[in-house]
Protein chains: 2
Amino acid sequence: MKKVSTAMSSTLRCLKVLELLAEEPFELSFSELAARLDIPKASAHRLCTTLLEADLIKQEPVTRHYMLSSHALWVGSGYLRHSPLYRAAFFPMQELARQIPGTVQLGVLDQGYVLFIHSVGYSGAPHAFADVGLRRPLNATASGKIFLAGMSTQDVESIMAKCTEKYTGSTITSVTRMKQELAEVKKARYARNVEELLPGYWVLAAGIVDPEDRAAAVISITLPLSDFSPEREATVADLVKEAARKASLQLGPSGISRALLQR
Amino acid sequence: MKKVSTAMSSTLRCLKVLELLAEEPFELSFSELAARLDIPKASAHRLCTTLLEADLIKQEPVTRHYMLSSHALWVGSGYLRHSPLYRAAFFPMQELARQIPGTVQLGVLDQGYVLFIHSVGYSGAPHAFADVGLRRPLNATASGKIFLAGMSTQDVESIMAKCTEKYTGSTITSVTRMKQELAEVKKARYARNVEELLPGYWVLAAGIVDPEDRAAAVISITLPLSDFSPEREATVADLVKEAARKASLQLGPSGISRALLQR
DNA sequence: AATTTTTGTTCCGCAATGCGAAACTGCAGT
DNA sequence: ACTGCAGTTTCGCATTGCGGAACAAAAATT
């Protein structure tokens, strides 16, 4: 084995702790943490001390459990402050939410998931909980389908291979079924999701795209099922597409391709 | 010199890069970055490679400028997923936004600033832009005054010493003036901010507190100045205090003190 | 109260790992 | 072609992080 990367392995290991804490639904004790990462306790202790000193994690004083700190949120949210996508979509999203009362969300692709980075408009829906930073699987979201529609066949297949969980009865888990769906998405230039992730809601999504229809981000709107009908879908679809188109223009063609090149 | 901390210095230096990128309003070139941190270019390069490998930063492909990645947002937002404060305040905030249409925000204390971690309700106001993760000075926000009101005199003094910038004509920069203000805040159990940060808006805030009135977080509501009058203030103040009280109860007394102990 | 078990912290010698000066590459603009 | 400037790679040195093991403190069990 030869040196393959110039990255600092000790630091990478430390960042693994952050990832773990972000992924786990709740706080972790020191021992759990060391066990989960399969790291000697002495080393894990050093990693935690380091992150504590950087103020990225804190520990619950009585259980001594570790969790992410509010400062970590601040650091991560720096992404929003820099994101041209966020800026470009901001006003179109608000306009959409005014036209159609519902939950309007902005999603980007992060490690094989849709990551929602912004949300406007309120519906007492449970999915609105912790909406910024929420990650959802590609196969079970309208936004995800937009991203899948822009991918190569082998990418779609490899991703779908990992999407086996059925969130509701209508979650798409079959590759062939998904390919049909994606063909429709490409034709209609928007994606639909009716109770495939959350019962009682339907969602339409449209991509913020470059001229080749590859999506850098997605604008979606979630509505209660009681509000669903074919005519309603047509209306909403047009408005969602319009919002996405405005965001695309705002970003500019160069903006989009740069965003895409970053992957 | 003796070993003073057990933290990993190389990693801390790497995390400084993240801090810098979070703080700077825009993307940074590699040289700027190295210069800003006063680090040899070879080392800075290693740090960036490491963060790239961890997917916490990305580089703009044509300018090669570095910026935070969307994955960094995901990691940081893990704080929200774990935060009992966020959970406890979620529904009271929505209720408040329904009662009074305006921007309802949830703030915590982060390194001498108010950090807004959640926001509901729309007003086309500029402060709503990138509201999650936004940091504001303590002296110029209603939320900040709530935190200041729970601090010792010397803490207030040392913080005020750094608060010299005047955002508007009425920004409080004098320590004595602030002490008067804080006395009122303690008495009224809510804080007011009329055009001290943003012209055209007024804000009321109430703390999510423990029995000793020390705030673990703050709920605030921002309204257009056209909506201001003494009677209106009384109405809004009661509702903001009520929302904060509900959140306090939801969190539970133990929850609050634990949150406080974490500092 | 005495015990075992579990969990968190510190020590310490070894060598792996990160360090930074300097050399090198590639790209713009004379 | 030449000069700068921005970014990347090399390389020998010693600093720094490593982890087994011993230690301390707190729960859980007897």
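Here is how names work: the chains are called A, B, and so on, in the same order as the sequence lines, proteins then strands, and each is numbered from 1. Just so it is clear, the values below take in all heavy atoms, side chains as well, and ignore hydrogens, waters and symmetry mates.
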Aromatic ring pairing H118(A)/F90(A), orientation class (parallel under 30°, perpendicular over 60°, tilted between): parallel
Spacing of L28(A) atom CG relative to dG8(C) atom C1', expressed in whole Å: 15 Å
Whole-Å gap separating C1' (dC27(C)) and CZ (F30(B)): 16 Å
side-chain N/O R46(B) vs dG7(D) OP1/OP2, d < 4.0 Å: no
Salt bridge flag under 4.0 Å for residues R245(B) and E242(B): yes
Ion pair check, R36(A) and E24(A), cut-off under 4.0 Å: yes
Under 4.0 angstrom between R64(A) side-chain N/O and dA27(D) OP1 or OP2: no
Phosphate OP1/OP2 of dT8(D) contacted by T6(A) side-chain N/O (<4.0 Å): no
Nearest-angstrom distance from the residue atom CD1 of I39(B) to P of dC19(C): 8 Å
S43(B) side chain near dG20(C) phosphate (N/O to OP1/OP2, under 4.0 Å): yes
Distance below 4.0 Å between S29(B) side-chain N/O and dA6(D) OP1 or OP2: no
Presence of S31(B) side-chain N/O under 4.0 Å of dG7(D) phosphate oxygens OP1/OP2: yes
Comparing T11(A) and Y66(A) on DNA chain C - which has the more 5′ nearest nucleotide: Y66(A)
side-chain hydrogen bond (donor to acceptor under 3.5 Å, both in side chains) between H71(A) and E19(B), intermediate numbers included: CA-CA 10 Å; H71(A) 190 66; E19(B) 296 269 340; 2.7 Å; yes
Side chain of K41(A) (C-beta onward), nearest among dT8(D), dT10(C), dG8(C): dG8(C)
NZ (K241(B)) with more than 12 external heavy atoms under 6.0 Å: yes
Separation of dG8(C) P from E60(A) CD (nearest whole Å): 12 Å
Between dC19(C) (P) and M8(B) (CE): distance, integer Å: 10 Å
Spacing of L52(B) atom CG relative to dG7(D) atom C1', expressed in whole Å: 13 Å
Contact under 4.0 Å: H45(A) side-chain N or O vs dT9(C) OP1/OP2: yes
Distance in angstrom units between L47(B) CG and dG7(D) P, rounded: 15 Å
N/O (side chain, S9(B)) to phosphate O (OP1/OP2, dG17(D)) under 4.0 Å: yes
Euclidean distance, atom NE2 of residue H65(A) to atom P of dT7(C) [Å, nearest integer]: 10 Å
